[in-house]
Amino acid sequence: MFKVIKYQGRARRGQFSCAHGGVVQTPVFMNVGTQGAIKGGVSAHDLREIGCQIELSNTYHLHLRPGDQVVRTMGGLHQFMNWDGPILTDSGGFQVFSLASLRKIKEEGVTFASHIDGHRIFMGPEESMQIQSNLGSDIAMAFDECVENPATHEYAKASCERTARWLERCVAEHRRLNALPDTVNPGQMLFGINQGATFPDLRVWHMDEIAKLNCDGYAIGGLAVGEPAEVMYDIIDAVEPHMPQDKPRYLMGVGTPSNIIEAVSRGVDFFDCVMPSRNGRHGKLFTWEGTVNILNRKYETDPSPVSESCSCPCCRSFSKAYLRHLFKADEVLALRLSVLHNLWFYNELMQKLRDALDAGTFDEFRAKYSGKLEQRV
RNA sequence: GGGGGAAUUCCAGAGCGGUCAAAUGGGGCAGACUGUAAAUCUGUUGUCUACGACUUCGAUGGUUCGAAUCCAUCUUCCCCCA
């Protein structure tokens, strides 16, 4: 269930709820735990503390390890990782892109050589739906092909036409699985994914096609794969008018704080990105004052927290000098604290966006922060 | 006391007459990261008035057109025998 509470321009303040329980306030950032854990030593317990509303995991990775049947046996992903909030599972479509050298695409689906041991695995729309059903996530993503950038119009057209056909198969299989008496999460929703590379005509055609299938939500995929941010914004501008108003919109894999602010201004409700966790592990920390590279020598004896204006578990207790030392000394605590900090920041960013939308001050918020949060302190 | 070995750029450690400002690690410094094959990857790391020049390979003195590389002496460390 999704409803828009308020519009400011095209920006939307909404509420989303799923059968499993829990209301998600949008715009929202989904914290990425690909393998059922946030990389860097962050557990579901920590997610609650840092204000995460919804978690994202991955079909391909959990299918390989520990295996979706194992997760099903353990009661589904919620119980397995002890997270009772909403979970969205990505379909494996991104791995068609990221593991390009290890896969082969056909009409039926994609054959991967496992990145772990090389064994062949086949994943098509039906398999992806089955795996996500076993995982018992609240939102399943359609199996798509995330096309690399740059792509030719010819390839992008053939690919998004196939992705459209795949969606029909996803919808049918998803409906069948949800109706089974022993299905893990009978209320599981399905989001369709728009593709079409950087070609507005393909994007619009594809969006119109998949909108007919009446999915529970729609995502824009295949962006932030190397194209300039302006191109990404142009694509959102082109596609957004063709997305159902009463369904959540999810911009997959995006992005920087400014990307998110800009996408919210264009009517996007859901986001996810590896950036806060990955950059955190690499010592790059987001703050309201700009980004901090904690590895820099200038912080060697800096007694202040990463950000004076942050109340995260790291900033509450530790100095920049200490965090830098932990990194230099290869202590895992460095990763954990940094990831907690960055995720805290992202969740707080979304909270402030929602507050601004509630207060009708989104434009001011955007003017104040867009394009500025990535600058170095 | 006798015999043997070694000293290389921040560290470890290659090099054994020219193609050596000197491999490779590590450390240092900086950068990248957008539905996670990422606790990863990339650049850089003698000095300068910098597409060239200058000073380096324990010290000093030699041999040679040319030495981190060969010789002599010295210094320091390590090993073995007494």
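Sequence lines set the chain letters: A, B, ... in the order given, protein chains first and strands last, and positions in each chain run from 1.
- The ring-ring contact (aromatic ring centres under 6.0 Å, His included) test with A:F143 singles out one residue from A:W166, A:F94, A:F122, and that residue is A:W166.
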(message) So if I define the base as every atom that isn't primed, P, OP1 or OP2, how would nucleotides 36-47 of chain B read as a B/S/- string at a heavy-atom cutoff under 4.0 Å?
(response) BBBBB-------
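- Partner assigned to B:C33 is none, using Watson-Crick or G-U wobble distances below 3.5 angstrom.
- In this structure, B:A14 makes no Watson-Crick or G-U wobble pair, since no nucleotide meets both defining distances under 3.5 angstrom.
- Base pairing analysis places B:U69 opposite nothing; no Watson-Crick or G-U wobble pair with both distances below 3.5 Å involves it.
- Taking atom OH of residue A:Y250 and atom C1' of nucleotide B:U34, one finds them 11 Å apart after rounding to whole Å.
- Figure legend: cation-pi geometry between A:K368 and A:W288 absent, as NZ or CZ is not positioned both under 6.0 Å from the six-membered ring centre and within 45° of its axis.
- Here B:U76 sits opposite B:A6 as a Watson-Crick or G-U wobble pair (both hydrogen-bonding atom distances under 3.5 Å).
- Atom CG of A:L285 is separated from atom C1' of B:C33 by 14 Å (rounded to the nearest Å).
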(message) Could you walk me through whether A:Q195 and A:R203 satisfy the side chain to side chain contact (heavy atoms under 4.5 Å, CB included) test, starting with their C-alpha distance in whole Å, then the side-chain angles of each, then the deciding distance to 0.1 Å, before giving a yes or no?
(response) CA-CA 6 Å; A:Q195 291 290 347; A:R203 286 281 176 180; 4.2 Å; yes
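- Atom OH of A:Y299 and atom P of B:A30 are 10 Å apart (whole Å).
- A donor-acceptor pair is defined here as one N or O able to donate and one able to accept, closer than 3.5 Å; such a pair exists between the side chain of A:K247 and the backbone of A:C215.
- For A:N293 and B:G31, the shortest distance from a side-chain N or O to OP1 or OP2 is below 4.0 Å.
- Each of A:E145, A:E209, A:E107 was scored for a salt bridge (charged side-chain N to carboxylate O under 4.0 Å, His left out) with A:R165, with one residue passing: A:E107.
- Closest of all the heavy-atom pairs between A:S91 and A:M123 is O-SD, 3.5 Å.
- The partner of B:C51, taking Watson-Crick or G-U wobble pairs whose two distances both stay under 3.5 Å, does not exist in any strand shown.
- The residue A:K328 sits close only to the backbone: its heavy atoms come under 4.0 Å of sugar-phosphate atoms, none of a base.
- Applying the Watson-Crick and G-U wobble criteria (two distances, each under 3.5 Å), B:G1 pairs with B:C81.
- At B:A30, one or more side-chain N or O atoms of A:N296 fall inside 4.0 Å of OP1 or OP2 (strictly under the cut-off).
- For the segment residues 190-208 of chain A, residues with any heavy atom less than 4.0 angstrom from an atom of RNA chain B are, sorted by number, A:I193, A:Q195.
- Contacts of A:G222 with the nucleic acid, taken as non-hydrogen atoms under 4.0 Å apart, include base atoms.
- Within the cation-pi definition used here (under 6.0 Å to the ring centroid, within 45° of the axis), A:R266 qualifies as a partner of A:Y233.
- Here the rule is salt bridge (charged side-chain N to carboxylate O under 4.0 Å, His left out) with A:R12, and of A:D246, A:D269, A:D358 only A:D269 fits it.
- As judged by a 4.0 angstrom heavy-atom cut-off over every strand, A:R376 is placed among residues touching the sugar-phosphate backbone only.
- A:H341 has its ring centre no less than 6.0 Å from the ring centre of A:Y346.
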